[in-house]
Each structure stands twice: as structure tokens, then as C-alpha cells.
Amino acid sequence: MVFGLGKKAKKQESAEPEDVQEDAAPEPAEKAADDRRANGPFDVSEISSRDGYVDLGALLIAPRDGLQLRLEVEEATQRVVAVTMDLEGSSLQLQAFAAPRSEGLWDEIREQIGQSVGGQGGQVEEIPGEYGVELVAKLPAGAPDGSQGYRVARFVGVDGPRWFLRGVFGGAAALDREAAASLEDLFRKIVVIRGENPMPPRDLLQLRLPKDTAASVPPAAPDLQQPERGPEITQIG
């Protein structure tokens, strides 16, 4: 922020040695925004064409051999609330939300996820990652042999222009960066379509099956499976 000097301040300044000031380092939020614009995930205004993507409404997904997509339906409302990408034994669940124009949601949402996981007897840890601060959550879960274990999920969040994109890595990708590489690359290529309609912050952006699946899915596109009901989704609203 630049502040102008009044006449008195200018007069005083001329009588004193001039301070040499270094350029201020960019704020973390500014750095994250610059990284997103350069490397993705992208806003639809930042791409030249929608051709070649799988169009799921609020999200455009880049195709890849072996990728499967599952649209997940909320049982109470019958609306599609998430899409899960399955690849190489790992998964990445995606949800896109409306966000305020002037500020991001990820800092606040991480806190809420931590409270939710803690309330279920789990633990969370903030770690630096590919997209800034990430959250690794461990939840108690029964093992097939009857012993008590835990289930791990890695949460990532990206604040875009009037939208927020959340990803939840499961399987080996939750803890193993090498195993997560392919899904992380696909996450970077996601395009978010916010739309121009006014929406309250935190409202889910609408997902859907492609209007004409056979015609709209490009070569080497993911296998589209039928929507599932009752997914385990941590809501942020």
C-alpha cells in the first residue's frame, strides 16, 4: 500500500537522509494467487477453449488414460455434490464452491475441518504442499481383521476468483507424494466455471453429467460411472 505525503511531511523528509527501502516480499495470498494463475487450477476466463475437456458443469476435467470419474449424489436432495477421480489406486474428491470476491476461504475452512475431525476422535496436521498449506487428517477406522486403525485423507484448497476448489486425496496419494503425482497433475489442469449468477459464499457450484456423454467425452477420456448416493463428504457450509 502506498501512502502520499502531505506538505509538512515532505519538508521534513528533505532535511533528513533518504532511507533505502527494499521491495516488500509478496504476501502469501498474493504468491498463491500468482501461482494458481500460472499453473492452475484455472478459471474458465483463463483458458482459450473448452475443447478437449470432460464438461461436468462447474468443472472441466482433462482426460487421461485409466482415469475414472464418479459423480456423487446427496441422498436427501438428489443433487450432484462432488466428483471423485480414481487413478492408479488413489482417489481425489473435488468440490467447487462460490466464494467472496475480496477474500479467500481456505484458511477458515482448514480450521473447520480440523474441528470436525477432532470431534470424531481424529487428528489433523498442517503441512506445506504443492498448493500451499495442506491438511492431513487421520480418522479412527476399523481394520478388516477387527483391529483399530485409522483412515487418512489429505485436504488441499485453492482460492480462485469468486470460487473455492477443495480436493481430498485418498488411498496412497494421501501420504505418498510419488503416488499422488498423477492426480496432482490433473488437479492443476482443472478449470472452474463459477458463472455470473449471484450466489452466497460456500454454496456448491452445480455439477452434472455431460449433456451428451457419448458426444462430449473426448478420446482417452475418463470412464464415467453412474452417480453414487450418500458419499462421505465434509461440508464447509
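Every heavy atom of this structure was used, including side-chain atoms; hydrogens, water molecules and symmetry mates were not. Keep in mind that this is a model prediction, so the values were computed, not measured.
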Query raised in the report: Arg194 and Asp43: salt bridge (Lys or Arg N to Asp or Glu O under 4.0 Å), yes or no, with the steps?
Result: CA-CA 8 Å; Arg194 162 62 174 79; Asp43 185 75; over 6 Å; no

Requested in this report: Could you go through the side-chain contact (heavy atoms from CB on, under 4.5 Å) check for Ser182 and Arg64 one step at a time?
Outcome: CA-CA 9 Å; Ser182 295; Arg64 175 167 295 189; 3.4 Å; yes

Query raised in the report: Where do Gln123 and Val117 land on the side-chain contact (heavy atoms from CB on, under 4.5 Å) test, with the steps shown first?
Result: CA-CA 6 Å; Gln123 299 177 341; Val117 172; 5.8 Å; no

Query raised in the report: Would Glu72 and Val83 satisfy side-chain contact (heavy atoms from CB on, under 4.5 Å), going step by step from the backbone distance to the final call?
Result: CA-CA 6 Å; Glu72 301 175 0; Val83 56; over 6 Å; no

Query - Audit row: Arg177, Glu130, salt bridge (Lys or Arg N to Asp or Glu O under 4.0 Å) steps and yes/no - result: CA-CA 10 Å; Arg177 292 288 176 175; Glu130 179 74 15; over 6 Å; no

Query raised in the report: Going through the checks in order, is the side-chain contact (heavy atoms from CB on, under 4.5 Å) test met by Trp163 and Ile193?
Result: CA-CA 9 Å; Trp163 52 258; Ile193 302 175; over 6 Å; no

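If you take NZ on Lys189 and CD1 on Ile61, they are separated by 12.0 Å, rounding to the nearest 0.5 Å. The CG atom of Leu60 sits 5.5 Å away from atom CD1 of Ile47, with the distance rounded to the nearest 0.5 Å. Put simply, CG on Asn39 and CG on Asp185 are 11.0 Å apart, with the number rounded to the nearest 0.5 Å.
Thr84 is not listed as a side-chain neighbour of Leu94, based on a closest heavy-atom distance of 4.5 Å or more. Inter-residue side-chain proximity for Leu204 and Arg79 is flagged as met; some heavy-atom pair is nearer than 4.5 Å. Looking at Asp86 and Leu67, their side chains never come closer than 4.5 Å, going by heavy atoms from C-beta outward. Residues Arg37 and Asp35 have side chains not in contact (no heavy-atom distance under 4.5 Å, counting atoms from C-beta outward). Looking only at side-chain heavy atoms (C-beta outward), Met199 and Arg162 stay at 4.5 Å or farther from each other. Between Arg208 and Val80 there is no side-chain heavy-atom pair separated by less than 4.5 Å. For the pair Arg166 and Gln93, the minimum side-chain heavy-atom distance is below 4.5 Å. Contact check for Val168 versus Arg154: no side-chain heavy atoms found under the 4.5 Å cut-off.
Put simply, the side chain of Glu103 never gets that close to the backbone of Pro100: no donor and acceptor are under 3.5 Å apart.
Tyr131 and Phe169 have parallel rings, their planes meeting at less than 30° on a 0 to 90° scale where 60° marks the start of perpendicular.
Just one of Leu165, Leu59, Val191, Leu186 meets the side chain to side chain contact (heavy atoms under 4.5 Å, CB included) condition when paired with Pro41; it is Leu165. Exactly one residue among Glu111, Arg110, Gln112 makes a side chain to side chain contact (heavy atoms under 4.5 Å, CB included) with Glu108. That residue is Gln112.
The shortest heavy-atom contact between Lys138 and Tyr150 is CD-CE1, 3.9 Å.
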